[in-house]
S.K.: 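Sharing a structure, written as structure tokens. Questions coming.
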Amino acid sequence: MMGRLRAGLAALAAMTMGSGALAEDTPGLVIPETLELAATGYTFTEGPAWDGARIIFSDIPGDAVHVLVRGESAARVLYAPSANANGHTFDLQGRLINAEHGSGAITRWTPEGGREVIVAAYQGKRLNSPNDVVVRSDGLMLFTDPPYGLGQRTSEVGFSGVYAFDEASGRMVLIDDGLSRPNGLALSPDERVLYVGDTATQTVWAYDLAADGTASGKRLVVDVTDDTKPGRVDGLRVDTAGRVWFTCPGGVCVVDPASGAVIERLATPKRATNLAWGGADLSELYITAQTDVYRVKTRAKGIGSSSR
């Protein structure tokens with residue numbers, strides 16, 4: 001049964017691998033025949049992050065954060081309740097950082113101390129529902145704040161924001177309030193460019209990021225609008241070569257940010273929601289997709305604070 005499942009996954013992934021700009025005799029970035037189901041049985045998975053030995057991910061409606069050790073057949077609960085945690089990353093000490101839908105806060109969680117609120121407001125107004133978060137190598141936190149988790153609450157800030165927060169000083173910078181539904185985000189390898197996906201418009205944007213967290217030079221990287229396939233621009237990661245990997249209609253897209261060309265695609269069995277680098281050399285890609293978590297091997301290597 002598992003053999004047939006894996007064969008079906010590989011066939012599905014292979015369907016779109018030739019749709020990019022790579023030559024037919026050039027090995028692709030993704031190795032589609034390695035696509036496999038890593039975990040299943042959840043309500044809606046999100047926020048994968050690799051801590052060096054295991055993948056951590058959220059089941060948002062299930063109000064729990066789960067952890068799957070490489071080589072084990074089933075995930076277990078890391079902690080619950082989770083305030084409907086969505087995206088995850090790690091701070092400079094390797095502690096888990098969470099973007100919480102339910103609380104409208106960015107938090108830190110440790111087994112010893114539990115949950116600690118880092119930031120929950122901008123200019124005295126409660127945040128909407130932080131969605132995803134990354135940490136720069138100097139500790140600066142960058143996160144998105146769309147309204148998806150507001151529920152019955154009314155937005156106090158009145159917009160969807162992209163923020164930078166310096167925990168040491170408490171300084172908070174609003175990078176952009178003009179995106180409709182900012183979602184996944186990642187830094188370029190040299191950390192001078194911030195990439196942000198907008199789910200509503202199916203676009204990825206780039207900003208030049210200064211040392212103090214301010215940004216300039218906003219520009220469109222790519223528009224992958226395609227209403228014929230399930231899925232949206234959601235989670236986003238970068239590899240060591242600077243290519244941007246993100247969920248898109250049909251599965252996962254890889255874009256060259258210099259040209260804006262989608263150079264490769266990977267079809268996923270279910271709508272992909274987010275992704276993270278993992279494995280011993282960060283060449284495996286973990287993909288959350290509705291009730292499931294998938295894993296696929298690549299010829300790229302990951303970078304970023306969601307992989308430790």
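Scope of the values below: all heavy atoms of this structure, side chains included, with no hydrogens, waters or symmetry mates.
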S.K.: Is the shortest side-chain N to carboxylate O distance from Glu36 to Arg295 below 4.0 Å?
M.R.: yes

S.K.: Is the gap between the ring centers of Tyr207 and Tyr195 under 6.0 Å?
M.R.: no

S.K.: Please examine the side chains of Leu29 and Ile263, heavy atoms only from C-beta on, and report whether any two atoms are closer than 4.5 Å.
M.R.: yes

S.K.: Under 3.5 Å, is there a donor-acceptor pair between the His88 and Ser58 side chains?
M.R.: yes

S.K.: Are the side chain of Arg153 and the backbone N or O of Asn128 linked by a donor-acceptor pair below 3.5 Å?
M.R.: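 Yes; judged by distance alone, with no hydrogens or angles, the pair exists.
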
S.K.: Among Arg192, Lys218, Arg219, which residue satisfies the side chain to side chain contact (heavy atoms under 4.5 Å, CB included) criterion with Asp208?
M.R.: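 Single pass found, and it is Arg219.
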
S.K.: State, with a plain yes or no, whether a side-chain heavy atom of Leu236 is found less than 4.5 Å away from one of Asp132.
M.R.: no

S.K.: Between Arg136 and Asp138, does at least one N-O distance fall below 4.0 Å, as a salt bridge requires?
M.R.: yes

S.K.: Please check if the distance between the ring centroids of Tyr122 and Tyr163 is under 6.0 Å.
M.R.: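 Yes, the ring centres sit under 6.0 Å apart.
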
S.K.: Check whether Thr247 reaches the backbone of Gly235 with its side chain - one donor and one acceptor, N or O, closer than 3.5 Å.
M.R.: yes

S.K.: Determine, using the 4.5 Å side-chain heavy-atom cutoff (strictly less than), whether Val238 and Val204 are members of one ILVMFWY cluster.
M.R.: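 Linked, Val238 and Val204 end up in one cluster.
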
S.K.: What verdict does the side-chain hydrogen bond (donor to acceptor under 3.5 Å, both in side chains) test give for Asp198 and Ser180, after you've listed the backbone C-alpha separation in whole Å, the side-chain angles of each residue and the deciding distance to 0.1 Å?
M.R.: CA-CA 7 Å; Asp198 187 342; Ser180 180; 4.9 Å; no

S.K.: As a test of understanding, state which of Thr291, Thr45, Thr288 forms a side chain to side chain contact (heavy atoms under 4.5 Å, CB included) with Lys270.
M.R.: Thr291

S.K.: Answer yes when Arg115 and Glu100 have at least one side-chain N-carboxylate O distance shorter than 4.0 Å, and no when they do not.
M.R.: yes

S.K.: Of all the heavy-atom pairs spanning Asp212 and Arg171, show the shortest one and how long it is.
M.R.: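 Taking Asp212 first and Arg171 second, the nearest heavy atoms are O-NH1, 2.6 Å.
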
S.K.: I want to check something: taking the side chain as every heavy atom from C-beta on, are Met172 and Gln123 in contact at a cut-off of under 4.5 Å?
M.R.: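 Contact flag for Met172/Gln123 side chains = no.
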
S.K.: Hey, does the side chain of Thr107 reach the backbone of Glu116 with a donor-acceptor pair shorter than 3.5 angstrom?
M.R.: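 Between the backbone of Glu116 and the side chain of Thr107 there is no qualifying donor-acceptor contact (under 3.5 Å).
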
